[in-house]
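Data first, discussion second: the structure below is written as structure tokens.
For the numbers below, each heavy atom of this structure counts, side chains included, while hydrogens, waters and symmetry mates do not. Along the sequence shown, residues are numbered consecutively beginning with 1.
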Amino acid sequence: MRDLRAGHRAPARQGHEDASPTLPVDVHDIAPHVRAAIDRACGGDAVASAAVRAALTPEARRGWRAPPDPLPAIPATGGPERRALPRDADPEQVLALALCEAGPVQVLCAIAGCGPDRIPGSPLTGLVRLHGGRFRFADAALRVQVLAAASTQERLRAHRLLAQLLQGADRGEAALWHRARGAVAGDPALVEPLLALARIALREGDAERAWSRATEAAEHAPSGTATHAGALLLSGRAALAAGWIADAAERFEQVLRIDRGHRAEAAQALVLTHALRHGTAPAPDPRVSVEAIGRGTAFAVRLSAPFGAALGGRRPDRRRLEAGAAGVRGAIDEGGAVGRVTDALRTGIDGDPDAGIRALADADPDPTADAAPPLGLHARAPLLRARRAVAEALLHVWAGRIGIAHRILSAAAVDLPVALPFGGVAAPLCRRLELAVDGRIGPLSHELTAAVPCMQDSDGFVDRAIAAYLRGRTDEAAVHMALWSDRGRPPERFGLPGLDEIGPLGASAALETPEAALARTLRERIRSARESSWRTVLEAVAAESRGIRSAFERGRVEALLGSAAVTRGDRGRGVRHLRAALSLFEESGALAWRGMVCQRLRALGERRRASAAGVGAPEEQAATSSLDVCRAMWEPILTARELDVALLMAEGRTNKEIALALHVSVRTVEVHGGRVFAKVDVRTRHELTVLAHRTDQHL
């Protein structure tokens, strides 16, 4: 082992670079749960964690492969004393301690070769924390470095030592593990005990432990035998449960090449893994039956149901999957963990998201309830827990609880492979939630996007439009929505909150709740209201919107009602609707939307006193010119150039004067003026001037 004691460093082994004082460059193409796991492994040391992340392969960073064991070595970036072992510490004892990581004090005493009373004075005492009769390696980053620096022979000796010590401490499972890891040659007698431990771990939802036990069993099984294939199949199931789809696919492919008896199970799992990885079913394979592929296909479709834009939104590929699954849907357990989540989502999209949330809460995973689940995916598997978390976040979005959905998805993303279920919908969902709460797309969304394995249609135009709209840059938002429209108005997936306050009318969503559909229709009616009937239209829309239970959806209707009323000159009505929108956005947790409404109220001269809840009563109105108010209220419906032309017309400027002021031709002014007349529903300059100067006259 490379000598890590203070003042000494042995030459690096072949294949391992020596430590470098250069700080590692952090990487961002990493899944959030992988980042969090490495941070925990490094004890929260930011420099060490960044170094490990930079050394991982791209597939391991994105969560498609299991992290290497041991983790890559950490450069000594904090000086020679930062990652130094005590001078009198035995490197072999330290390595055994690092491999064990934690355990009862008896094991620590056996490693140190002394009694409990002498532990405080032993060379190892500075490396461990003692509490309640147990120990833990104190410096997680140093532990990673110790394990990475050890040679193969040193690790084998340390594992054999731990096997003896743990067997004496009556810790049979741990002793078996270290015995298997310390064996120089394969031992077939270890295969079945290791597989038994792997099955238990899978039922308990510990996919990482199941993977390590099953993979070790495959190493000890005679190559090319049915036993070997069975161990590979179980390790593939563990990898699939953890979301390590690249590792899972390799294991299932190996099984197909080895053993005919396990081919049907491997084929079903391979179809699902391929669908998660590529968004489509694999090509027909002569080694497996059509029925086996059909069952795997059915399960892949079931995991994505009931959404028509599943599996990355690839409609032709989804039709191919559904065609392959025809006739075998009954083979999938409708009452299992997969079916319960699907039913909850269907309940939510049909109009009762709260009932769907209750159904999820009432169906807590029971490790004994599904002794033989489809493809070995137990309810507590990280992949299925990730699917459930994404479903719960979606249901809260549909119920209008944006802030809660954001917290649920953010918390799940650091523990689970949420980028895999439902064709990677967690990435666009996270973007929309971050926009609604923070007004910008944050690092979590970027990391989830990098972790989504299958290609997706870009939602970038709508995302950028929402960001611009919430910052008050409506002309920029209109440009992005026009570009989105030029691409054929691709429908929004999974009923995610989009933007219909600006841009082309008639943009329907592929999947939305009845309340979201009603709110979208009401907003379209507000935008298309004519000058002759706008009061009647706004009053009817306001009455219909009272039946919308989603605070977020109703808040968007109220905000647009307020802007439309003020633009038409009815300031009092507009302020009342904007205040209602402020309260509704506060209720939903959509803080960026609330901030947008606050900005509009400030433009109207409204001032708000801070309160404990962050929302107060209006102070006395400040004097604001009518044209300033008009500018704020016309921004949502006019482009920047149209707005300039409209305000100059309202000041009484001629077309020639406007052309000189804006450095454009008179013809351009005429074109913009015609568009302004159509959008604000006036016929003459006089009507435009009257409308512009009356926007702040009605309280």
- Message: Assess the residue pair Leu377 and Leu272 against the criterion (side chain to side chain contact (heavy atoms under 4.5 Å, CB included)); give the C-alpha distance rounded to whole Å, side-chain angles, the decisive distance to 0.1 Å, and a yes or no.
- Response: CA-CA 11 Å; Leu377 282 174; Leu272 172 59; 4.0 Å; yes
Contact summary for [X] and [Y], nearest pair of heavy atoms:
X      : Y      : value
Leu409 : Ala393 : CB-CB, 4.2 Å
Val191 : His220 : CG2-C, 3.8 Å
Pro72  : Pro68  : CD-CG, 3.9 Å
Leu435 : Asp463 : CD1-O, 3.6 Å
Ala413 : Pro32  : O-CB, 3.3 Å

- Item | side chain to side chain contact (heavy atoms under 4.5 Å, CB included) between Asp69 and Arg181, worked out | CA-CA 12 Å; Asp69 182 19; Arg181 296 286 284 177; 3.4 Å; yes
Taking only Lys NZ, Arg NE, NH1 and NH2, and the carboxylate oxygens of Asp or Glu, determine whether [X] and [Y] approach each other closer than 4.0 Å.
X      : Y      : result
Arg136 : Glu101 : yes
Arg199 : Glu192 : yes
Asp206 : Arg380 : no
Arg209 : Glu173 : yes
Glu434 : Arg440 : no
Arg385 : Asp415 : no

- Heavy-atom side-chain contact between Leu394 and Ile349 under 4.5 Å: no
- Task: Answer yes or no: is there a side-chain heavy-atom contact under 4.5 Å between Arg179 and Leu190?
- Result: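 A side-chain contact under 4.5 Å exists here.
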- Query: Quick one: which of Pro382, Pro417, Pro67 gives a side chain to side chain contact (heavy atoms under 4.5 Å, CB included) with Trp244?
  - Reply: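 Of all the options given, the one that passes is Pro67.
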- Quick one: which of Leu233, Leu270, Val255 gives a side chain to side chain contact (heavy atoms under 4.5 Å, CB included) with Glu265?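 For Glu265, the side chain to side chain contact (heavy atoms under 4.5 Å, CB included) test succeeds with only one of Leu233, Leu270, Val255, which is Leu233.
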- Residue pair Arg431, Thr449: steps toward the side chain to side chain donor-acceptor pair (under 3.5 Å) verdict: CA-CA 9 Å; Arg431 290 197 297 269; Thr449 300; 3.2 Å; yes
- So, Arg387 and Thr342: side-chain donor and acceptor under 3.5 Å apart, yes or no?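 There is such a pair between these side chains.
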- Do Ser49 and Arg53 meet the criterion of a side-chain donor-acceptor pair at a distance under 3.5 Å?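 The answer is yes; a qualifying pair exists.
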- Task: Apply side chain to side chain donor-acceptor pair (under 3.5 Å) to Glu219 and list each qualifying residue two or more places apart in sequence or on a separate chain.
- Result: none
- Query: Has Arg487 got its NZ or CZ under 6.0 Å from the middle of the six-membered ring of Trp484, at an angle within 45 degrees of the ring axis?
  - Reply: no
- Query: Hey, mind stepping through Phe252 and Leu232 against side chain to side chain contact (heavy atoms under 4.5 Å, CB included) and telling me if it holds?
  - Reply: CA-CA 7 Å; Phe252 298 141; Leu232 289 171; over 6 Å; no
- Task: Would you sort out whether Trp177 and Glu216 count as a side chain to side chain contact (heavy atoms under 4.5 Å, CB included), showing the intermediate values?
- Result: CA-CA 9 Å; Trp177 166 246; Glu216 188 65 27; 3.7 Å; yes
